[in-house]
Amino acid sequence: GGLVAEGAKRAAVAARFSALTALPPGVRRITGLIEVLEDFAALPLRPLSTGALPAPAPRQARRLQRVMQAVDARLSEDFSQREAAAIAGLTPPAFCRFFRRAFGRSFVEHRNERRIALACRDLIESDDRVLDIATRCGFANLSNFNRRFRAVQGVSPREYRAATRAAPAAPPVKMP
């Protein structure tokens, strides 16, 4: 389960949410969070999956945990679905079914979303070139990175960075 925000203002709301970490803990951060949540609630939303996913059995949960740790440790590498299947102790076709049942999306979609999340952090926190960030996050070329980034975030990496730079650090300003 979960929600995916859509619409043109999605990147700006995400950038404002990320900027909250720069605020000192306390009333200003809480107020900023409430304002960002109000803006988030005004965005068009769609369910992340079509139904609730069943909780995995303990053995499956351990498999998932091993796979997720490997994915996070190797985001910048060419970590294949075949390697993930081996870590889970499953054949590649069985792993595909197992992963989709557990997460409601494919392993490759999940891995790319994790890579994009890492790239978002780098776009916000660094002045590194987009190509350098793409390479560091495991993408073989810039056009593939741009395409995948836009599919997940709804904007290009450069637009995302511009939105985060334009986002006020403190106090957050209500969007029109």
Spatial distance of atom [atom1] ([X]) from atom [atom2] ([Y]) [nearest 0.5 Å]:
X: Gln65; Y: Gln69; atom1: CD; atom2: CD; result: 4.5 Å
X: Leu118; Y: Glu113; atom1: CG; atom2: CD; result: 14.0 Å
X: Arg129; Y: Thr135; atom1: CZ; atom2: OG1; result: 8.0 Å

Could you tell me if the side chain of [Y] sits less than 4.5 Å from the side chain of [X], heavy atoms only?
X: Ile116; Y: Phe139; result: yes
X: Tyr160; Y: Cys120; result: yes
X: Arg97; Y: Leu90; result: no
X: Arg115; Y: Asn112; result: yes
X: Leu123; Y: Ile133; result: yes
X: Leu64; Y: Phe103; result: yes
X: Phe145; Y: Pro157; result: yes
X: Cys137; Y: Asp122; result: yes

Check your understanding: Under 6.0 Å from the CZ atom of Arg114, do we count more than 12 heavy atoms belonging to anything else shown?
Key ->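 Result for CZ/Arg114: open.
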Check your understanding: Shortest non-hydrogen contact from Asp78 to Glu83?
Key ->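 Looking at all heavy atoms of both residues, the closest pair is O-OE1, 3.4 Å.
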Exercise for review: For Ala84 and Val67, work out which heavy atoms get closest and say how close.
Suggested key: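 The answer is O-CG2, 3.8 Å.
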Review point. Checking Arg111 side chain against Phe79 main chain: does a donor-acceptor pair fall under 3.5 Å?
Key: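 Yes: the side chain of Arg111 pairs with the backbone of Phe79.
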Exercise for review: Give a yes or no on whether the backbone of Ser126 and the side-chain of Arg161 come within a donor-acceptor separation of less than 3.5 Å.
Suggested key: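 Yes; judged by distance alone, with no hydrogens or angles, the pair exists.
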Check your understanding: What salt bridge (charged side-chain N to carboxylate O under 4.0 Å, His left out) pairs are there with at least one residue in residues 148-159, not counting sequence neighbours?
Key ->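 Those involving residues 148-159 are Arg150-Glu159.
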Check your understanding: Hey, which of Arg100, Arg63, Gln81 is the one that makes side-chain contact (heavy atoms from CB on, under 4.5 Å) with Phe95?
Key ->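 Answer after filtering Arg100, Arg63, Gln81: Gln81.
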